[in-house]
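Only one structure is covered here, and it is reproduced in the block below.
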Amino acid sequence: MSDTNVSSNSEITTMPQKTYFSRLWSTIALLAISMLIGVAHAAQRDLKEVRVAYPPSMASVTLMTGIKQKFFEEQGLTATLLVIASDLAMKSQVVGEIDYTLFGGGTGMVAAAQGLPIRVVHLPHKFADLTLVGRPEFKTVAQLRGKKVAVSSFSGAVYSSTRAMLAAGGLDPDKDVVMIPMGREPICLEALLAGSIDASPLPVPLHAIAEEKGMSLLADIEGKFEVPFSGVTVTERKLRDNPDEVKRFIRAMVKAGRYFLSHRDESVALYMNWLKLSKAIAEDAYARSIKSVSPDGLGKESAIKTQLGLIKQTTGKDVKVESVIDFTLLRQVLAETK
């Protein structure tokens, strides 16, 4: 009888202990989960937001690679992307509303030469890889005489390259064609397909999309006239007051450029998902892009020299490289990442 009582007492004593430890471990688990969530939120809060004005085109492939692969997050940054016109972007940058732009390749260098307090600190491309594309009835550049040619604006790399391709084809860009500023390249492509213009310079991969839809590829810029394409701009004030942030942004861009060039499949997938391309066109775009994407962000010396020559034609001034470009922090990053 006593044995039965002992057994009964033992069960009565043991059951609350099991319940107690079960509840204890549940509480510990919940605390651990809460701590992990708190750490994650803290890490998210620790990321510094930087506002980046960019063109939603091939000019931004390095930026998009850096975001996709979380290279900016590794550097403690989170990029808020803004799609606005290049001139407005740089004016907004000067008054502190934007931290970085990707308009430094042509427009940014011209703006700096004209006195805007900005500098180009990274060139994601070695040159502007453009193709002059025309309606199906045109087979040569010379046939564009008297026709409408759309450009993004009357300044920058695209405009200069278009003039060069027209001149190489025997036309005077000031007299023989009607140049129309139309904005971003996708808009120009739509106008070309609709027949409201006769030709337009298109970057990779829009030239391939146009060709697939029956348009004619009239001229290729490579080897004929090369100028910088895209470029990170920052204000002189930010370079002076916050070089650490600028350096981290540059480091993410360098890592992104190298990743893009060394990871074909991932880069093709980026083209397909981001620009909504077929696999065939994305593969063609990547094959062509590896010729123009810069592995170090230094661009191409001859392209920079050509751009400075164009600036002289526009302003009448001999502009030195250091007046528009500052690669000091970029060279530090490259030395650290060898």
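Every heavy atom of this structure was used, including side-chain atoms; hydrogens, water molecules and symmetry mates were not.
Connection of Leu47 to Val50 is not established within any shared hydrophobic cluster, with ILVMFWY side chains joined at heavy-atom distances below 4.5 Å, either directly or through further cluster members. Under the 4.5 Å side-chain heavy-atom criterion for grouping Ile, Leu, Val, Met, Phe, Trp and Tyr, Leu130 is not connected to Leu206 through any hydrophobic cluster. The cluster map of Ile, Leu, Val, Met, Phe, Trp and Tyr, joined by side-chain heavy atoms under 4.5 Å apart, puts Ile221 and Leu202 in different clusters. Tracing side-chain contacts under 4.5 Å through hydrophobic residues (I, L, V, M, F, W, Y), one reaches Val234 starting from Phe327; they form part of the same cluster. If you chain together hydrophobic residues whose side chains sit under 4.5 Å apart, Val151 and Val204 never meet in one group.
Lys126 places a side-chain N or O within 3.5 Å of a backbone atom of Lys291 that can act as its donor or acceptor partner. At distances below 3.5 Å, at least one donor-acceptor pair connects side-chain atoms of Ser216 with backbone N or O atoms of Phe138. No donor-acceptor distance shorter than 3.5 angstrom exists from the side chain of Lys70 to the backbone of Ile67, with no hydrogens or angles considered. Formation of a donor-acceptor pair under 3.5 Å by the Ser161 side chain with backbone atoms of Val158 is not found in this model. The main-chain N or O of Lys238 is never found under 3.5 Å from a side-chain atom of Asn242 such that the two would form a donor-acceptor pair. In terms of modelled atom types and a separation under 3.5 Å, the side chain of Gln143 and the main chain of Lys139 share a donor-acceptor contact. No side-chain donor-acceptor contact under 3.5 Å links Asp198 to the backbone of Lys147.
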TODO: In sequence, state the C-alpha distance, the side-chain angles, and the governing distance for Thr78 and Glu49, and then conclude on side chain to side chain donor-acceptor pair (under 3.5 Å).
DONE: CA-CA 5 Å; Thr78 180; Glu49 178 191 15; over 6 Å; no
Open item on the list: Please evaluate residues Ser267 and Tyr259 with respect to the criterion side chain to side chain donor-acceptor pair (under 3.5 Å), reporting the C-alpha separation (whole Å), side-chain torsions for both, the decisive distance (0.1 Å), and the verdict.
Closed with: CA-CA 8 Å; Ser267 298; Tyr259 184 94; over 6 Å; no
Task: Evaluation steps, ring-ring contact (aromatic ring centres under 6.0 Å, His included), between Phe229 and Phe127 - done: CA-CA 5 Å; Phe229 184 54; Phe127 62 91; 9.1 Å; no
TODO: Go through Leu275 and Met58 one step at a time and tell me if the side chain to side chain contact (heavy atoms under 4.5 Å, CB included) criterion holds.
DONE: CA-CA 9 Å; Leu275 298 177; Met58 278 295 303; 4.3 Å; yes
- [ ] Might you work through the ring-ring contact (aromatic ring centres under 6.0 Å, His included) test for Phe103 and Tyr54, ending with a clear yes or no?
- [x] CA-CA 7 Å; Phe103 298 115; Tyr54 81 115; 8.4 Å; no
Open item on the list: Quick one, Ile118 with Val94, criterion side chain to side chain contact (heavy atoms under 4.5 Å, CB included). Give me CA distance, side-chain angles, the key distance, then yes/no.
Closed with: CA-CA 7 Å; Ile118 62 172; Val94 170; 4.0 Å; yes
- [ ] Go through Tyr286 and Arg264 one step at a time and tell me if the side chain to side chain contact (heavy atoms under 4.5 Å, CB included) criterion holds.
- [x] CA-CA 7 Å; Tyr286 180 77; Arg264 178 188 180 279; 3.5 Å; yes
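For CZ of Arg237, the number of neighbouring non-hydrogen atoms (other residues, nucleotides, ligands) closer than 6.0 Å is 12 at most. For Lys317, the NZ atom counts as loosely surrounded, since its 6.0 Å shell holds 12 or fewer non-hydrogen atoms of other residues, nucleotides or ligands. For CD of Glu137, the number of neighbouring non-hydrogen atoms (other residues, nucleotides, ligands) closer than 6.0 Å is greater than 12.
We find the CZ-CD1 distance between Arg331 and Ile250 to be 11.5 Å, quoted to the nearest 0.5 Å. Here the CG-CG distance, from Asp129 to Asp220, works out to 6.0 Å after rounding to the nearest 0.5 Å. Rounding to the nearest 0.5 Å places CD of Gln307 at 5.5 Å from OG of Ser160. Rounded to the nearest 0.5 angstrom, Met165 CE and Thr131 OG1 are separated by 7.0 Å. Separating the OG1 atom in Thr233 from the CD1 atom in Ile325 is a distance of 12.0 Å, to the nearest 0.5 Å.
With respect to the salt-bridge test (charged N to carboxylate O, under 4.0 angstrom), the residues Glu336 and Arg251 qualify. Salt bridge annotation for Arg119-Glu322: absent, with no cationic side-chain nitrogen under 4.0 angstrom from a carboxylate oxygen. We find that Glu97 and Arg51 are not joined by a salt bridge, their nearest charged nitrogen and carboxylate oxygen being 4.0 Å or further apart. A salt bridge is absent between Arg288 and Asp284; no separation between the charged side-chain nitrogens and carboxylate oxygens falls under 4.0 Å. Salt-bridge annotation for Arg163 and Asp174: present, with a side-chain N of the basic residue lying under 4.0 Å from a carboxylate O of the acidic one. Asp172 and Arg145 are not joined by a salt bridge, as no carboxylate oxygen comes within less than 4.0 angstrom of a charged side-chain nitrogen.
Contact detail for Leu102 and Ser230: the closest heavy-atom pair is O-OG, 3.4 Å. Shown here for Ile311 and Val319, the closest heavy-atom pair between the two residues is CG2-CG2, 3.7 Å. Closest non-hydrogen pair, Ala59 versus His125, comes out as O-NE2, 3.5 Å. Here the closest heavy-atom approach between residue Pro228 and residue Gly105 is recorded as CB-O, 3.3 Å. Shown here for Ala256 and Thr62, the closest heavy-atom pair between the two residues is CB-O, 3.3 Å. Considering every non-hydrogen atom in both Gly299 and Ser294, the closest pair reads N-OG, 3.6 Å.
Inter-residue side-chain proximity for Val52 and Ile98 is flagged as unmet; no heavy-atom pair is nearer than 4.5 Å.
A side-chain contact (heavy atoms from CB on, under 4.5 Å) with Val83 holds for exactly one of Ser60, Pro56, Pro55; it is Pro56.
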